[in-house]
Amino acid sequence: MKNVILLAPPAAGKGTLAKTLCEKYGYVSISTGDLLRERALEDKELRDFMKTGKLVSDELVFDVLKAKLNKLGNTPYILDGFPRTVNQAVMYDELLQNMNKDLGVVIYLDVDKEELKNRVTSRIICPNCKTTYSTREEKFFPKNAGMCDNCNVE
Ligand SMILES: [Zn+2]
């Protein structure tokens with residue numbers, strides 16, 4: 001299976017698509033934000049830096065990404081919302097060449113701007129597991145109003 005880079009504006013359905021690809025096809029979803037937060041758990045200096053709200057350097061982002069890709073071996077993965085800049089894209093290309101990996105496919109979810117605006121303003125997110133729900137679209141309502149289906153947190 002090909003690795004996937006998933007790009008989309010907020011509320012385009014990126015998380016839902018990534019979840020489907022993982023459940024149906026055994027992909028592993030990689031978020032560099034999550035990787036950095038994981039690293040920060042065991043790295044006090046990074047933890048303190050991230051608390052300042054400043055952007056972490058590309059070098060560090062790639063350091064954690066490379067470690068993750070090495071760990072995955074040949075398991076197909078989805079890069080969720082990464083690369084974010086041209087510089088990161090160039091660096092990612094170099095990383096792939098060094099690791100002898102193919103780029104795979106890039107999926108861009110192109111959703112109408114008005115529709116995105118409606119989704120963003122009606123979106124609610126579980127503070128615990130980050131599952132998203134809608135206050136507007138019935139099929140995305142939580143089963144019990146105000147409670148997360150997944151972890152039962154308010
Ligand atoms: Zn939850």
Side-chain angles (χ1 to χ4, degrees), residues 1-113 115-116 119-120 122-134 137 139-140 142 148-153:
M1 278 193 307
K2 289 185 185 297
N3 296 319
V4 174
I5 294 177
L6 200 47
L7 301 173
K14 192 157 56 75
T16 306
L17 178 59
K19 199 170 162 220
T20 303
L21 288 172
C22 292
E23 285 171 1
K24 272 198 168 171
Y25 302 102
Y27 275 93
V28 170
S29 178
I30 300 177
S31 143
T32 52
D34 287 346
L35 292 179
L36 286 168
R37 278 183 287 276
E38 263 170 48
R39 171 76 62 97
L41 290 176
E42 53 203 43
D43 182 337
K44 186 176 184 313
E45 205 178 317
L46 175 60
R47 200 160 57 232
D48 291 342
F49 181 83
M50 285 172 78
K51 275 185 201 147
T52 66
K54 286 187 201 137
L55 277 181
V56 172
S57 72
D58 282 344
E59 283 69 25
L60 181 60
V61 172
F62 273 84
D63 191 50
V64 293
L65 179 61
K66 190 177 173 189
K68 178 70 176 181
L69 296 185
N70 273 325
K71 217 161 83 183
L72 280 180
N74 288 323
T75 306
Y77 61 85
I78 302 164
L79 274 183
D80 188 345
F82 180 89
R84 287 185 197 275
T85 64
V86 172
N87 188 44
Q88 287 182 344
V90 171
M91 287 175 76
Y92 181 61
D93 204 31
E94 282 167 12
L95 177 67
L96 290 177
Q97 282 175 28
N98 289 336
M99 296 182 81
N100 226 357
K101 283 179 181 284
D102 287 329
L103 176 64
V105 296
V106 179
I107 299 174
Y108 175 68
L109 295 178
D110 189 11
V111 179
D112 176 72
K113 279 210 174 88
E115 171 60 21
L116 290 175
R119 286 187 197 175
V120 167
S122 65
R123 184 157 73 166
I124 46 179
I125 303 172
C126 171
N128 182 46
C129 71
K130 312 295 179 216
T131 300
T132 58
Y133 301 94
S134 170
E137 279 181 79
K139 64 176 176 171
F140 296 117
C148 177
D149 294 350
N150 195 31
C151 64
N152 220 34
V153 158

Rounded to the nearest 0.5 Å, the NZ atom of Lys130 sits from the OG atom of Ser31 at a distance of 11.0 Å

In terms of heavy-atom contacts, does CG of Leu55 have more than 12 from other residues, nucleotides or ligands at under 6.0 Å?
no

Does some side-chain heavy atom of Leu65 sit less than 4.5 Å from a side-chain heavy atom of Phe82?
yes

State the CE-NZ distance between Met91 and Lys66, to the nearest 0.5 angstrom.
11.0 Å

In terms of heavy-atom contacts, Gln88 and Arg84 come closest through OE1-N, 2.8 Å

Asn128 and Cys151: which non-hydrogen atoms are nearest, and at how many Å?
ND2-SG, 3.2 Å

Got a sec: does the OH of Tyr25 have more than 12 other heavy atoms crowding it under 6.0 Å?
no

Leu60 and Arg39: CA distance, side-chain angles, deciding distance, side-chain contact (heavy atoms from CB on, under 4.5 Å) verdict
CA-CA 10 Å; Leu60 181 60; Arg39 171 76 62 97; 4.1 Å; yes

In Å, rounded to the nearest 0.5 Å, how long is the span from CG of Asp63 to CG of Asp58?
12.0 Å

Find out whether Val106 and Leu7 are in side-chain contact, i.e. whether some heavy atom of one side chain is under 4.5 Å from a heavy atom of the other.
yes

Any chance you could measure Leu21, atom CG, to Ser29, atom OG, to the nearest 0.5 Å?
9.0 Å

So which atom in Lys101 and which in Gly73 form the shortest heavy-atom distance, rounded to 0.1 Å?
NZ-O, 2.9 Å

Short question: side chain of Lys14, backbone of Ala11 - any donor-acceptor pair under 3.5 Å?
no

Can you find a pair of side-chain heavy atoms, one from Cys129 and one from Cys148, that are under 4.5 Å apart?
yes

Do Tyr77 and Leu69 have side chains that get closer than 4.5 Å, going by heavy atoms?
yes

Can you name the nearest heavy-atom pair linking Ile107 to Leu17, along with the distance?
CG2-CD2, 4.4 Å

Taking the side chain as C-beta and beyond, is there a heavy-atom pair between Val56 and Phe49 under 4.5 Å?
yes

Determine the minimum heavy-atom distance between Ser134 and Ile124, stating which atoms define it.
N-CG1, 4.4 Å

Could you grab the distance from atom OH of Tyr27 to atom CG of Leu79, nearest 0.5 Å is fine?
11.5 Å

Straight-line distance of Gln97 CD to Leu103 CG, nearest 0.5 Å
10.0 Å

Without swapping roles, check the side chain of Arg47 against the backbone of Ala40 for a donor-acceptor pair under 3.5 Å.
yes

Is the shortest side-chain heavy-atom distance between Leu46 and Met50 below 4.5 Å?
yes

For the backbone of Asp149 and the side chain of Tyr133, can you confirm whether one donor and one acceptor N or O come within less than 3.5 Å of each other?
yes

Is there a side-chain contact between Ile5 and Pro83, using heavy atoms and a 4.5 Å cut-off?
yes

Contact summary for Leu96 and Asp102, nearest pair of heavy atoms:
CD1-O, 4.0 Å

Carefully, step by step, assess Val28 and Leu72 under the rule side-chain contact (heavy atoms from CB on, under 4.5 Å).
CA-CA 9 Å; Val28 170; Leu72 280 180; 4.0 Å; yes

Is it true that atom CG of Asn74 has more than 12 heavy atoms of other residues, nucleotides or ligands lying nearer than 6.0 Å?
no

Under the 3.5 angstrom rule, does the side chain of Asn3 hit a backbone N or O of Gly104 as a donor-acceptor pair?
no

Are Ile78 and Ile30 side-chain neighbours, meaning at least one heavy-atom pair lies under 4.5 Å?
no

